[in-house]
Structures are given as structure tokens and as C-alpha cells.
Amino acid sequence: MSSSGAASSQASGSSWTAFLKSIASFNGDLASLTAPPFILSSTSLTEFSSYWCEHPALFAAPAKEADPKKRALLVLKWFLSTLKQQYASRSEQYGNEKKPLNPFLGELFLGKWEDEAGTTELISEQVSHHPPATAYSITNLPTGVHLEGYNAQKASFSKTINIKQIGHAVLTVPNPSGGEADTYLITLPALHIEGLIFGSPFIELEGATYITSSTGYTAKIDYAGKGWISGKKNSFTATLYPTGREKDVLFSVAGQWTKDFAMHAGPAKHASAATLIDSYDPAKVPASKLVVAPLEQQHPLESRRAWSRVAAAIAKGDLDLVSLEKGKIENAQREMRNREKAEGRAWERRYFSVDPTRPDGVLASLGPIVGVPEHGDADKTGGLWRFDRVKAERAGRELRSLTAEEQAKVARELLGQ
Ligand code: HC3
């Protein structure tokens, strides 16, 4: 596959024009977009969960800070540091954002980071297919800092593709002074695709998101594209304040989430060299490498193994083979759903559960502060998904213990392979 969307699209001008025409009548279903071959990615959306933790040391840092407002600032710094990975890493030079693979129900992406922060484990699972939703759990083992969440996308077309993210993340940070752990509720930014008309799509973030904590602090992040605030791409301003007192700014942060940003004590209008606390340049800090098991050791439902034939077809640029291999997975999945229906059972998620009998404690207490409904938009994500430690322990034991025959059976029945 070409490394530049713009260059490839020149070569495939007519298919890009056809694609643009098709998105003008877009029905909101991202999976149904028939994109030209050069815009197909061989990475599934289940892998995107890893973007939350490409700098494990920043993720774990709040667990070592005794002052709750500084902890909240470190959480904000970590969150801001993830944005480049989440929204610009696939499109480093801009204009190369591709269409990811649409995960099947039960698809897994598992990995770990081993670096100066110790071991940090990642579990990502496709918990719903209609509507598509991915859930994830990330744990830094030495500190116990834990992130979990789920997300889906609601897309619409108006001048371009606009995407609203449904879902939220919850970060738990053990209190270094031994008290109760902090809980942070994190909302997700809306985005739109720029550059479509030129065949060089990239993401811009818009609106505002929040991080509110059980310790009584809230951060608000305002996103702006080129032409707003600083006239620079990927700009943002953020403030951290005691919850409910937005004007009493304790810390302010401003800059670009792809380049560099500065963190100051007090409001931005008083920012000076004397108020500067810290600065961070996402472009200068290399991501820690995620370790994923070799394909042959993976469970058949693990993303890279399951999609390996499709990925090979994409790499060859053979669209017929891409459709054939995708079709095998889709048909097998459809048949599985029919069997489940006939037998009156539902697909058992391996790591996440929904508990409709109990109100969610985090959303009940922190949701109203940042506009996350207590139902967690479960109707749009197939459920209010929470990491299930009991299930996870079982899955961890069982996942890598399948015999070759059992693996072949899973691949045949669930993936048509
Ligand atoms: C919109 C998107 C799929 C969703 C991606 C999400 C929101 C997934 C959760 C991650 O944490 C953050 C994230 C980053 C990028 C988002 C993708 C960008 C493009 C993709 C569309 C489905 C593709 C649209 C097609 C095309 C040709 C314009 O790229």
C-alpha cells in the first residue's frame, strides 16, 4: 500500500471521486463506506485502544504524586499526551488517514508494554457488533493505575464526515497516601475528517471534553483547528479547576496536541515564564513499543491473526481477495449469530460484562458533572461495559491453552477460515 494517500489518490482519481460521491449520500454507517483500495487499512479498530498508553510512564505518574490537584494535573498531562497517538499517528505527515477494519464480535487485541514503568497490560475486546463498540482495560502492574472504557462512533455527513464518539473512559489511580483510590471520568472528543476533497484525509478535533475526578477537580479541554485560537493546527486550551468553580483556574495548559504544549499555574491570561510548571512535546517523546504475541501463538480470535489473510490481500492491493477474505469472516459471524439466536443464547464476552441490575457508581457520582448519562449511552454501545476481573482471570488462563484442533475449530466456526 502506498504511504501517501494524496499521491495514491492522484493515481486513482476516478475511484476517489466515486468514493466522494458515495459519502455525500452516506447513511451514518462507517462500516458500509466502500473506500478505494489505497485508503483501506489492515489495522482493526480493536488495536486503537493501545493509543491510550503509548507512554506508560506518563500513565503511571499520577500514582506517585501525593497532592490531589497535582495528581489531577498529571492525569490531564497524560490524557493530552495520548491525543497525538489517537488522532494523528496513522497520518503523521497528514492526509493519510485510512479506513480501519471493522472488528467482529469477540475480536481481541492483547498486548503489553515493558519499559521503565514496569509491565503495563492491554486488553481490548469488541463487545458489540451492531452497533459496533470496543471496550478496553489497561493496567500498569507496579502502580495499579487502571484505565477502562468503551467507545462507539456516530457518524454523519455535512460538508465532510463528522464523528461523535459515544462512550467514556474511567481512570483509577491508587492514592499514594493510602486513602481511597481516585476515579477520573473522561469524555471523548468529537472529530471530523479534513482534506477529503483532496484525497488526503486527516482528523481535526472539535468542541470540548472533560476529565472530572472523585477528588473534586475538573479539567476542560477546548479543541480548535487551524484558524482558531492560535491559527495552528491541532490547537487546544485546557483549564483545571475545583469542580463547579470553572473561573477559579488552578492550572492552564495550551499548545498543540501534536507538537508542544505548556502547563502553567493559574489562568492562561497570567501565564508567564514565572508561572510555567512543565512543558511537553509529543513529537519528541517516542512511543513505548507494544509487545504482541507472535501470530502463531495468538488465539484465533486475536485481531492480527484473525485478519491476517485480509491484511495480506490489502498489502497485495488485491481487492477481490480482500472482499473474499472479509466475506468469509462476515458470513461465519452471521451464521454464528443465527445459531445463537436459534439456541437462545448470546455471545459470551471474555473480559467485559454489563450489569443492568445495578446503577453504575462512577456515572452516578461523576456523570452529571460532565454530561455523561447514568445509562452510559448503553443503547448505542450494546451495553454499559465494565471490565470483569473474574472473567478476565478465566480468559487469561484459557486463551493460550487451546489445542491445535480447538484452534482450527474456532477459526472455522467463527471466521470461516
Ligand atoms: C473515525 C475513524 C474510526 C474511529 C477512530 C477512533 C474514534 C476510534 C477510537 C480511538 O480511541 C480514537 C479514534 C481515532 C480515529 C478514528 C477513525 C479515523 C477515520 C475512521 C473512519 C471510520 C474512516 C473514514 C474513511 C476515510 C477514508 C475518510 O479515512
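All ligand and atom numbering here is 1-based and tracks the order in the structure. We number each residue from 1, following the sequence as shown.
At a heavy-atom distance under 4.0 Å, no atom of T134 approaches ligand 1. At a 4.0 Å heavy-atom cut-off, ligand 1 touches R90 through the side chain alone.
Ion pairing between E398 and R350 fails under the 4.0 Å rule for side-chain N and carboxylate O. Ion pairing between a basic and an acidic side chain is recognised when a charged N comes within 4.0 Å of a carboxylate O; K391 and E348 show such pairing.
Summary of contacts: the protein heavy atom closest to atom 20 (C) of ligand 1 is P100 CD, 3.8 Å. Protein heavy atom closest to atom 4 (C) of ligand 1, with residue, atom name and distance, is Q153 CD, 3.7 Å. Nearest protein heavy-atom contact of atom 9 (C) of ligand 1 is N151 ND2, 3.3 Å. Regarding atom 7 (C) of ligand 1, its nearest protein heavy-atom neighbour is Q165 OE1, 3.5 Å.
In this comparison of F48, Y136, Y51, the heavy atom closest to atom 17 (C) of ligand 1 sits on F48.
Inside a 4.0 Å radius of atom 2 (C) of ligand 1 there is not any protein heavy atom.
Atoms of ligand 1 lying under 4.0 Å from any heavy atom of I203, numbered from 1 in the order shown and given with element: 15 (C), 18 (C). Near I163, with a cut-off below 4.0 Å to any heavy atom, the atoms of ligand 1 are 1 (C). In summary, the atoms of ligand 1 found under 4.0 Å from a heavy atom of F19, numbered by their order in the structure, are 27 (C). The E97 neighbourhood of ligand 1 comprises atoms 18 (C), 19 (C), 29 (O), with distances under 4.0 Å to a heavy atom of that residue. Ligand 1 places these atoms under 4.0 Å from at least one heavy atom of I39: 27 (C). Under a 4.0 Å criterion applied to the non-hydrogen atoms of Q86, ligand 1 contributes the atoms 10 (C), 11 (O), 12 (C), 14 (C).
Classification of the F387-Y351 ring pair by plane angle, with boundaries at 30° and 60°, yields parallel.
For F236 and Y223, the gap between ring centers reaches or exceeds 6.0 Å.
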>> Go through it in stages, so that I can follow the logic: the residues are R90 and E97, the test is salt bridge (charged side-chain N to carboxylate O under 4.0 Å, His left out), and I'd like the CA-CA distance, side-chain angles, deciding distance and then a yes or no.
In response: CA-CA 6 Å; R90 297 159 307 280; E97 187 69 67; 2.7 Å; yes

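A distance-only check finds a donor-acceptor pair linking the side chain of Q298 to the backbone of R305 [under 3.5 Å]. Between the side chain of T119 and the backbone N or O of L141, no donor-acceptor pair lies under 3.5 Å.
The shortest heavy-atom contact between S50 and W113 is O-CZ2, 3.5 Å.
Counting heavy-atom neighbours within 6.0 Å of E180 CD, excluding the residue itself, gives a total of 12 or less.
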